[in-house]
Amino acid sequence: PRNGSARSPNNVAWDVLESLMTRRFSESEKKVASLIGISEIFLQRATQSGISEQKAKSPEGLRHIRFFNALLLWALVKETPLTVLEKKFRVGRGPVQSLKESASSTCATMATFCQKLKWNSVESLLLAFQTRLNFGVSNQELIPLMKIEGMTANIARILHMHGFTTPANISSGKLDELLRVLRKSLPFGAPVSSISEDLAQKLKDKAKEAAMDQRKELMKQARNIEKRNKLAGLKLEVLQGNKGAKGQGGKGKGRSSKGK
């Protein structure tokens, strides 16, 4: 395929990536891309004549495919609407969803690996990215609200701006105040009656359920931390006991040799 229609077996539109690299990236972004091995010459060749499956599976091909996927995931996290994202990257909704699920699964696996090695900071970063990716929001503070069934990023942002920062805030808040804030999410010119009091009440009910789920999750986390601390304390006691036994054994041997 020629004239910008080239695609790799991994569903990468090479002309899209080449256009981003040469026309839309800032100088600093180009420098970062260059540092990780992204080549404008490779992209130009791929755009003009495409690449074979063998070339796509080469280290150079995989590097560029992963870069394309990383840009797509970053756009998702930055709350780019799916319709815009599909047009910008020329990729279908199915592959986007598949990539999102794969990235989320990889984050969870790596977070477990980091937990085993006690790399707590890296584990937290991975879990935070996974959560943002799953909910499609750029602001970590919106995550509690996004756990309410049916919540959207736009409504969550408006609720957060007006003090409804958690499901508990919503479930315990005044209905008329919540209704007033919800109507601020309506497009310009839309009738306020399109968001009714019944809808606001349903949101309060869903928020109450989410708040209960969050409390259960926090209690579960607290129990897990307590178990880990007890286990760590037990291991420490065993180690100290072993050291004490070795010390006493050494002293006994010393006394025995002196007696001889």
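Hydrogens, waters and symmetry mates are skipped; everything else that's a heavy atom, side chains included, is used.
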Colleague: Do L218 and L127 sit in one hydrophobic cluster, given that two such residues count as connected whenever their side-chain heavy atoms are within less than 4.5 Å of each other, even indirectly?
Modeller: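 In one cluster: no.
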
Colleague: Is any side-chain heavy atom of K78 closer than 4.5 Å to one of L85?
Modeller: no

Colleague: Looking at every non-hydrogen atom in both residues, tell me the closest pair between P144 and P167 and how far apart they are.
Modeller: O-CG, 3.5 Å

Colleague: Please tell me if the side chains of L145 and H160 come closer than 4.5 Å, counting only heavy atoms from C-beta onward.
Modeller: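 Yes. Closest side-chain heavy atoms under 4.5 Å.
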
Colleague: With sequence neighbours left out, write down each residue that passes side-chain contact (heavy atoms from CB on, under 4.5 Å) with A190, or none if nothing qualifies.
Modeller: L186, P187

Colleague: What are the two closest non-hydrogen atoms of R63 and I38, and how far apart are they?
Modeller: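 Answer, listing the atom of R63 first, then I38: O-CD1, 4.0 Å.
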
Colleague: Using atom types as modelled, flag every donor-acceptor pair under 3.5 Å from a side chain in residues 110-119 to any protein atom, sequence neighbours excluded.
Modeller:
residue, atom, partner, partner atom, Å
T112, OG1, A108, O, 3.0

Colleague: Atom NZ of K147 and atom CG of D213: how far apart are they, to the nearest 0.5 Å?
Modeller: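 The CG atom of D213 is 9.5 Å from NZ of K147, to the nearest 0.5 Å.
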
Colleague: Measuring only between side-chain heavy atoms, which start at C-beta, is L182 closer than 4.5 Å to I155?
Modeller: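 Answer yes - side chains close enough.
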
Colleague: Taking a hydrophobic cluster as the set of Ile, Leu, Val, Met, Phe, Trp and Tyr residues connected by side-chain heavy atoms closer than 4.5 Å, whether directly or through intermediates, do L76 and M151 fall within one such cluster?
Modeller: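 Unlinked, L76 and M151 end up in two clusters.
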
Colleague: Salt bridge (Lys or Arg N to Asp or Glu O under 4.0 Å) with E197: which residues, sequence neighbours excluded?
Modeller: none

Colleague: Quick one, L142 and N139 - any side-chain contact, counting heavy atoms below 4.5 Å?
Modeller: yes

Colleague: Pair N154, S185 - check side chain to side chain donor-acceptor pair (under 3.5 Å), show working.
Modeller: CA-CA 7 Å; N154 180 47; S185 67; 5.0 Å; no

Colleague: Among N169, V181, L178, exactly one meets side-chain contact (heavy atoms from CB on, under 4.5 Å) together with H162. Which residue is that?
Modeller: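 Among N169, V181, L178, the one that satisfies the side-chain contact (heavy atoms from CB on, under 4.5 Å) with H162 is V181.
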
Colleague: Can you list the steps and then say if Q48 with Q44 is a side chain to side chain donor-acceptor pair (under 3.5 Å)?
Modeller: CA-CA 6 Å; Q48 291 169 6; Q44 288 167 1; 5.6 Å; no

Colleague: When rounded to the nearest 0.5 angstrom, what is the spacing between OG1 in T47 and CD in E18?
Modeller: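 Going from OG1 on T47 over to CD on E18, the span is 4.5 Å.
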
Colleague: For S102, does its backbone N or O pair with a side-chain atom of S105 as donor and acceptor, under 3.5 Å?
Modeller: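 No.
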
Colleague: Kindly indicate whether the side chain of L179, heavy atoms from C-beta on, has any atom under 4.5 Å from the side chain of L199.
Modeller: no

Colleague: Check the hydrophobic clustering (I, L, V, M, F, W, Y; side-chain heavy atoms under 4.5 Å; chains of links allowed) and say if L72 and L82 are grouped together.
Modeller: yes

Colleague: So which atom in M146 and which in A156 form the shortest heavy-atom distance, rounded to 0.1 Å?
Modeller: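 Minimum heavy-atom separation between M146 and A156: SD-CB, 3.8 Å.
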
Colleague: Return the set of residues passing ring-ring contact (aromatic ring centres under 6.0 Å, His included) with F164 (not counting sequence neighbours), or none when no residue passes.
Modeller: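 Applying ring-ring contact (aromatic ring centres under 6.0 Å, His included) to F164 gives none.
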
Colleague: Other hydrophobic cluster members with L125, side-chain heavy atoms of Ile/Leu/Val/Met/Phe/Trp/Tyr under 4.5 Å, chained?
Modeller: none

Colleague: Just how far is it from atom OG1 of T131 to atom CD of Q140, taken to the nearest 0.5 Å?
Modeller: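 Answer rounded to 0.5 Å: 6.0 Å.
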
Colleague: So, are E86 and R90 salt-bridged, with charged N and O less than 4.0 Å apart?
Modeller: no

Colleague: Can you name the salt bridge (Lys or Arg N to Asp or Glu O under 4.0 Å) partners of E149, sequence neighbours left out?
Modeller: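 So E149 forms a salt bridge (Lys or Arg N to Asp or Glu O under 4.0 Å) with K206.
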
Colleague: Rounded at 0.5 Å granularity, tell me how far CD1 in I143 sits from OG1 in T166.
Modeller: 14.0 Å

Colleague: Which residues satisfy the side-chain contact (heavy atoms from CB on, under 4.5 Å) test with F129, sequence neighbours excluded?
Modeller: V77, C107, L133

Colleague: Any pair with a residue in residues 164-185 that passes salt bridge (charged side-chain N to carboxylate O under 4.0 Å, His left out), sequence neighbours left out, goes on the list, sorted by first then second residue, please.
Modeller: E177-R180

Colleague: Does CD1 belonging to I41 count more than 12 external heavy atoms closer than 6.0 Å?
Modeller: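 No.
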
Colleague: By salt bridge (Lys or Arg N to Asp or Glu O under 4.0 Å), which residues pair with K55, not counting sequence neighbours?
Modeller: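 Salt bridge (Lys or Arg N to Asp or Glu O under 4.0 Å) check on K55 returns E60.
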
Colleague: What heavy-atom pair brings A33 and F25 nearest, and what distance separates the two atoms?
Modeller: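 Scanning both residues completely, I find the closest heavy atoms to be CB-CE2, 4.4 Å.
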
Colleague: Is any side-chain heavy atom of K88 closer than 4.5 Å to one of V16?
Modeller: no

Colleague: If you compare all heavy atoms of F89 against all heavy atoms of A75, which two are closest, and at what distance to 0.1 Å?
Modeller: CE1-CB, 4.0 Å

Colleague: Test: side-chain hydrogen bond (donor to acceptor under 3.5 Å, both in side chains). Region: residues 19-34. Which pairs qualify, not counting sequence neighbours?
Modeller: S19-R23, S26-S28, S26-E29

Colleague: If you group Ile, Leu, Val, Met, Phe, Trp and Tyr by side-chain heavy-atom gaps below 4.5 Å, do L20 and V84 land in one group?
Modeller: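 Unlinked, L20 and V84 end up in two clusters.
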
Colleague: Rounded to the nearest 0.5 Å, what separates atom CG in N69 from atom CG in L62?
Modeller: 10.5 Å

Colleague: Name all residues meeting the ring-ring contact (aromatic ring centres under 6.0 Å, His included) criterion together with F42; count only those two or more places apart in sequence or in a different chain, and write none if there are none.
Modeller: W14, H64

Colleague: How about K208: does its NZ atom have over 12 heavy atoms from other parts shown lying under 6.0 Å from it?
Modeller: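 No - once you tally the heavy atoms of other residues, nucleotides and ligands closer than 6.0 Å, there are 12 at most.
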
Colleague: E40: which residues meet the side-chain hydrogen bond (donor to acceptor under 3.5 Å, both in side chains) condition with it, sequence neighbours left out?
Modeller: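 If we apply the side-chain hydrogen bond (donor to acceptor under 3.5 Å, both in side chains) test to E40, skipping adjacent residues, there are no hits.
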
Colleague: Identify the heavy atoms of A56 and I65 that sit nearest to each other, and give their distance.
Modeller: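 Heavy atoms of A56 and I65 come nearest at O-CD1, 3.7 Å.
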
Colleague: Nearest 0.5 Å please: distance from the CZ atom of R45 over to the CD1 atom of I51.
Modeller: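 Nearest 0.5 Å value for the CZ-CD1 distance: 12.5 Å.
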
Colleague: Establish whether F135 and L73 are linked, either directly or via other cluster members, by ILVMFWY side-chain heavy-atom contacts under 4.5 Å.
Modeller: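 No, because F135 and L73 fall into different hydrophobic clusters, even though each may have its own neighbours under 4.5 Å.
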
